[in-house]
Amino acid sequence: YVEQTGKQIVVFVHHRDVMDAIAADVAVITPDVSYGIIRGGVSAQERTRLVDEFQNGNIDILLCATVAAKEGITLTNADTVVFVEREWVPGWESQAAHRIRRIGQESSFCRQVFLSVPNSIDAKFDAVVKAKAAVVKAAMDGDDERRAEGAIVADLLARLKADNGWRNE
């Protein structure tokens, strides 16, 4: 992405081993692309330094643990965030994505990309997270909570039936 567009990018992950694997691949495959890492255990000073370096254009890829970087930082030098792994709490993803959608963002639009493998546990997890987000949205919009819960149950049952040939008799 960095080599093709010339733009910086923020990549969110959940697991440390996934982050380490991505960092190792970036270092080997694209040695001219710089990256930084924000995750649990990174000191406040180092975190501030990494954010400043990113905002100054000196870091191409900022790898972030979603929980560690979903609040309190501004990353408006990027207009794209990639979620390599989904979070169980949809609000955390929303907060993380909003690190680039802040005052000072110069791009006319921002993108968030969720990587997922079709017909895998990723796809099923995506459906669960989307359904949870729909329930939260319905509750926030003032819809009847039971109606929202019924919709999510109906959606999940439909997915189970489609995936497994399961019949409700």
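Keep in mind that the numbers below use all heavy atoms, side chains included, and drop hydrogens, waters and symmetry copies.
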S.K.: Following the transitive rule for hydrophobic clusters with a side-chain heavy-atom cut-off under 4.5 Å over Ile, Leu, Val, Met, Phe, Trp and Tyr, establish whether W92 and V129 coincide in one cluster.
M.R.: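 No, because W92 and V129 fall into different hydrophobic clusters, even though each may have its own neighbours under 4.5 Å.
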S.K.: Going hydrophobic residue to hydrophobic residue with side-chain gaps under 4.5 angstrom, can you get from I38 over to I22?
M.R.: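 No.
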S.K.: Is a side-chain donor or acceptor of S107 paired with a backbone partner of C110 at a separation under 3.5 angstrom?
M.R.: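 Pair absent, no side-chain N/O of S107 close to backbone of C110.
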S.K.: If hydrophobic clusters are built by linking Ile, Leu, Val, Met, Phe, Trp and Tyr wherever their side-chain heavy atoms come under 4.5 Å apart, do F114 and L62 end up in the same one?
M.R.: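 Yes: a chain of side-chain contacts under 4.5 Å links F114 to L62.
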S.K.: Out of curiosity, K124 NZ to D122 CG, how far, rounded to the nearest 0.5 Å?
M.R.: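 If I round to the nearest 0.5 Å, the distance is 11.5 Å.
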S.K.: Would you check if the side chain of T74 reaches a backbone N or O of T76 as a donor-acceptor pair within less than 3.5 Å?
M.R.: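 Not confirmed, T74 side chain does not pair with T76 backbone.
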S.K.: Roughly how far, to the nearest 0.5 Å, is CG of D32 from CD of E3?
M.R.: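 Here the rounded value is 7.5 Å.
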S.K.: Find the distance between NZ (K7) and CZ (R111) and round it off to the nearest 0.5 Å.
M.R.: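 Spacing of NZ (K7) from CZ (R111) equals 5.0 Å.
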S.K.: Check S94 against H98 and note the closest heavy-atom contact, atom names and distance.
M.R.: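 Shortest heavy-atom separation between S94 and H98 comes out as O-ND1, 2.6 Å.
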S.K.: Please find the pair of heavy atoms, one from I9 and one from F54, that lie closest to each other, and give the distance.
M.R.: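 That would be O-CE1, 3.8 Å.
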S.K.: Among K132, K70, R86, R99, whose salt bridge (charged side-chain N to carboxylate O under 4.0 Å, His left out) with E93 holds?
M.R.: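 Only match with E93 under salt bridge (charged side-chain N to carboxylate O under 4.0 Å, His left out): R86.
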S.K.: Less than 4.5 Å apart, any side-chain heavy atom of V2 and any of T30?
M.R.: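 Sidechains of T30 and V2: no contact.
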S.K.: Looking at N119, I want to see if its CG is surrounded by more than 12 non-hydrogen atoms of other residues, nucleotides or ligands under 6.0 Å.
M.R.: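 12 or below, so no.
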S.K.: Please tell me if the side chains of N58 and S34 come closer than 4.5 Å, counting only heavy atoms from C-beta onward.
M.R.: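 With C-beta onward as the side chain, the pair stays apart.
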S.K.: Let me see the working for V81 and R101 under side chain to side chain contact (heavy atoms under 4.5 Å, CB included), right down to the final yes or no.
M.R.: CA-CA 10 Å; V81 297; R101 284 188 221 127; 5.8 Å; no
S.K.: Where the side chain of T80 meets the backbone of V113, is there a donor-acceptor pair that is under 3.5 Å apart?
M.R.: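 Flag not set: sc T80 to bb V113 has no pair under 3.5 Å.
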S.K.: Just how far is it from atom CG of N56 to atom CD of E53, taken to the nearest 0.5 Å?
M.R.: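 So the gap between those two atoms works out to 6.0 Å.
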S.K.: Could you give all pairs that pass the ring pair (Phe, Tyr, Trp, His ring centres under 6.0 Å) test and reach residues 8-44, with sequence neighbours left out?
M.R.: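 Qualifying pairs, neighbours excluded: F12-F83.
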S.K.: What pair of heavy atoms forms the shortest contact from A78 to Q8, and how long is it?
M.R.: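 Smallest heavy-atom distance, with atoms named: CB-O, 3.7 Å.
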S.K.: Going only through I, L, V, M, F, W and Y residues with side-chain contacts under 4.5 Å, is there a path from I37 to V84?
M.R.: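 Yes.
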S.K.: Contact between L63 and V13 at the side-chain level, heavy atoms closer than 4.5 Å - yes or no?
M.R.: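 No - every pair of side-chain heavy atoms lies 4.5 Å or more apart.
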S.K.: Check whether I100 and V82 end up in the same hydrophobic cluster, where Ile, Leu, Val, Met, Phe, Trp and Tyr are linked by side-chain heavy atoms less than 4.5 Å apart.
M.R.: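 As far as the 4.5 Å side-chain criterion goes, V82 and I100 are not connected within one cluster.
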S.K.: What's the shortest heavy-atom distance between C64 and V10, and which atoms?
M.R.: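 That would be SG-CG1, 4.0 Å.
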S.K.: Is there a donor-acceptor contact under 3.5 Å from the side chain of D60 to the main chain of V33?
M.R.: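 A pair under 3.5 Å: no.
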